[in-house]
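Read through the structure below, which is laid out as structure tokens, and then see the notes.
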2 protein chains.
Amino acid sequence: MKNPPVTLITIAEKAGVSVMTVSRALNDEGSVAAKTRAKVRAIAAELGYSPNLSAKMMKGSRTNVIGILVNDLQSAVINEIIGAVSVAVRKLEMDLVIYNSIGDTDNAPSRGLGHMLQGLCDGLLLILPRISDTQLRQLEQRGLPVVLVNYWRPTDLPVVRGGNSDAAAAATRHLLQLGHRRIGFITGSAFTGQSQERQHGYESALRGAGIEVDPKLIAAGDFGRRSGYEAASALLTAENAPTAIFAANDEMAFGAIDAVRACGLRMPQDVSVIGFDDIPAAAHVHPALTTVRQPLAAISDAAVRELLLRIAGSGGEQQRVEFPSELVLRDSTARAPARADAAPAPKRATAPRRTGAAAVKPAPMKAATVKPATVKPVAGAAASRKRPAGKA
Amino acid sequence: MKNPPVTLITIAEKAGVSVMTVSRALNDEGSVAAKTRAKVRAIAAELGYSPNLSAKMMKGSRTNVIGILVNDLQSAVINEIIGAVSVAVRKLEMDLVIYNSIGDTDNAPSRGLGHMLQGLCDGLLLILPRISDTQLRQLEQRGLPVVLVNYWRPTDLPVVRGGNSDAAAAATRHLLQLGHRRIGFITGSAFTGQSQERQHGYESALRGAGIEVDPKLIAAGDFGRRSGYEAASALLTAENAPTAIFAANDEMAFGAIDAVRACGLRMPQDVSVIGFDDIPAAAHVHPALTTVRQPLAAISDAAVRELLLRIAGSGGEQQRVEFPSELVLRDSTARAPARADAAPAPKRATAPRRTGAAAVKPAPMKAATVKPATVKPVAGAAASRKRPAGKA
DNA sequence: ATGAAAGCGCTAACAT
DNA sequence: ATGTTAGCGCTTTCAT
């Protein structure tokens, strides 16, 4: 069962040449007689040889492996980015290794980050890193080429990212144009700085429209669906509830939608909801989610390109690459109800519904795997709504 | 910027001891004076030392890294499994490296699989491997410990998996009990053998009920949402269309639901849909998807445990570990319409709808990112349906 | 309790 | 075109 591993030596002996010749033959380097090369390759194939990556790396030669470091493989955006990076890396005939460091913190210096750093790959892509400043500083000191993706906090490391603030402002303006005046915002966690940027866009759009930012309309979430549900529930059941909710990401927007329904409100007639990221589910949900899309493919391509530059040693001059995001209009946003803070007249001939402020108190969302035991009926919603989807 | 990497030597010099002492101090092995150990560790921490994994591996010592090989990081089930494995691995204080080998085929012997094999990790978990028999055989010959997860085709490698056939039969019987007689099945791709197993359960349940298997009711998909849409569209627009559709996984079930709606049919009143896997989205969709759940945590724990056994050298006797899956009843299945193959009378007072066979021909599903440009209204669906969710 | 030597599989640099 | 030497960072083995 456990054959002795096939090494260059094995092949060299069998082929009657030196190890070096085998190495050259297999790597297409130096000059090797065509015949020798063929022979060596044949034997290698026959023996099922595969090079020992570790040994390669020890020699400091390139391994053609790019590492990705993530903290959360369950996150839809992160997976989208990984997918896009996959494609970009594959184009370059390189390999991709993903390193999942959920929950890693400073107290584990020899684990987590450290491992990949020196050992495994030519360079490292940090996707939405929930990384401590200490760790970030360690990275900066090390030689391993690193590029951060969608990171917004201050750092000297190279960063490639999609637009946040401007697009969030555009999303907010979209709601304003629909007549919404009380617009709630659900923040995400603070690690990457993206939530702050998005919130900044939200606030500046409001100010631009002469509307004061009401702290009561800003609820804290953590980018998870459940937190979106809870934050939205709080917003919707408070006095003077918002008629629109802007969640800092799509997953929280989904949670917010759940909350809207749990409150007995209709989406989008009573409450508009808008997300951020445009994960695939956003288009598939009913009604489809209006959200902000980042050009993930472009971001990923650029990130890989930047990383390669650094691996090649040409310390790319450009330390910040940014791609604008765009608003994607779908069906979760609609005109604000006639009077935001009173029970509005139903705009279409549908069953009468409670709406606006002081909605039905929703039950706390069930844990982890939510099986909606008793689905709150959402009858007659979205009766005949149509809108051409597309860019803003 | 590019500091010389911190090695044992660096630390040894600074501490005024030999490299070996440093190694021992850092690894808690052999005997080292408490004072020396403390000193060495302090210096290591100060310098931000992290061990060079490659060098460790070259010495054949364990690295405490477990590798995962997947072919598709976009797949929701795979991500669920990865998540569960993450947890299991973390419990053991080990690290996890994910290797994405999308599209790897036999023609790339030195790439893909080969890389991880000898170099990077102590053992390898193959999740839903879309792997060729050749590659599988290569693995068997190599020494690297390997465990397959959710693989159903013949192999001598150890396998840990969740039940398919029995649970699929249970799902089918559920539909039969609801009065469905014409039940469509959408297959997945054949790589892992799971689709075949599920289909087998479907067929045996039908036969058990004295119903002949109609090949026209079996449509080919590839586990992707889009293929589910297309397969379901074909089924629903054919003569003598099914009143229920069982998709070999949840993502195809979602596609099937899209198709049901695109046909102007109601779900579940006109057509019941049932999936397999119970990915998180299944519970969040409206109406929530009836599906089959595999005990992913148990599977992952067992897989990691088996792998560790093999890494430790004690070639676990048990080559097959299997966990039963269970039916999860939600809201996408309902009693069959009164007469399956005629236009049924609407069961509730809703807008008149075409239903049953010869439904509206749906448009082909839009590519990749589906933005439903013109959402087919699905008014009044699921008017006041309630059912306690839970296990069968 | 500590150190010195050897070597893991590979490749860059220098022979031949 | 091919071979030889040396050494990457670490640990195992055998001293001390």
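Residue numbers begin at 1 in each chain, while the letters A, B, ... track the order of the sequences. Given the structure is predicted, the values throughout are model-derived calculations rather than measurements.
Atom OG of Ser300(B) is separated from atom CG of Leu125(B) by 8.0 Å, given to the nearest 0.5 angstrom. The structure places CG of Leu128(A) at 4.5 Å from CD1 of Ile78(A), a figure rounded to the nearest 0.5 Å. The line from CG of Asp122(B) to CD1 of Ile311(B) is 5.0 Å long, rounded to the nearest 0.5 Å.
In this model, the phosphate group of dG9(C) is not approached by any side-chain N or O of Thr7(A) to a distance below 4.0 Å at OP1 or OP2. A sub-4.0 Å separation between OP1 or OP2 of dT11(C) and a side-chain N or O of Ser23(A) is present. Residue Tyr49(A) places at least one side-chain N or O closer than 4.0 Å to OP1 or OP2 of dC10(C). Using a 4.0 Å cut-off, no side-chain N or O of Ser54(A) falls inside it from OP1 or OP2 of dG9(C). Phosphate contact (OP1/OP2 of dA1(C), side-chain N/O of Thr36(B), threshold under 4.0 Å): absent.
Residue Thr21(B) is classed as a sugar-phosphate contact, given heavy-atom separations below 4.0 Å to backbone atoms only.
When the nucleotides dG3(D), dT11(D), dG9(C) are ranked by their closest atom to the side chain of Met58(A), dG9(C) comes out on top. Looking at the side chain of Ala33(B), the nearest of the listed nucleotides dC10(C), dT2(D), dT2(C) is dT2(C). Of the candidate nucleotides dA4(C), dA13(C), dT12(D), dT12(D) has the atom lying nearest to any side-chain atom of Glu29(B). In the set dG3(C), dT11(C), dC10(C), the nucleotide with an atom closest to the side chain of Met20(A) is dT11(C).
Nearest heavy-atom pair across Glu29(A) and Arg37(A) is O-NH2, 4.4 Å. Asn27(A) approaches Lys56(A) most closely through the heavy-atom pair OD1-NZ, 4.0 Å.
Protein atom CG of Asn64(A) is 12 Å distant from nucleotide atom P of dT11(C), rounded to whole Å. Taking atom CG of Asp28(A) as the reference point, atom C1' of dA1(D) lies 15 Å away to the nearest angstrom. As rounded to whole Å, 16 Å separates atom P of dT2(C) from atom CG of Leu8(B). Distance Glu13(B) CD to dG3(C) C1': 15 Å, rounded to the nearest Å. If you take CD1 of Ile9(A) and C1' of dG7(C), they are 10 Å apart, rounded to a whole angstrom. Rounded to an integer number of Å, the gap from NZ of Lys56(A) to C1' of dC10(D) is 21 Å. In this structure, Asn52(A) atom CG and dC10(D) atom C1' are separated by 14 Å, rounded to whole Å.
Heavy-atom distances to DNA chain C give each of Ala55(B) and Arg37(B) a nearest nucleotide, and the one nearer the 5′ end belongs to Arg37(B).
Look at Asp72(A) and Arg130(A) and you find no salt bridge, because none of the NZ, NE, NH1 or NH2 atoms lies under 4.0 Å from a carboxylate O. Ion pairing of Arg161(B) with Glu322(B) is present here, as a side-chain N (NZ or NE/NH1/NH2) and a carboxylate O approach within less than 4.0 Å.
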Measure all distances between protein nitrogen or oxygen atoms and nitrogen or oxygen atoms of nucleotides 14-16 of chain D, and list the pairs falling under 3.5 Å.
none

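With contacts defined as side-chain heavy-atom distances shorter than 4.5 Å, the pair Tyr99(A)/Val97(B) qualifies.
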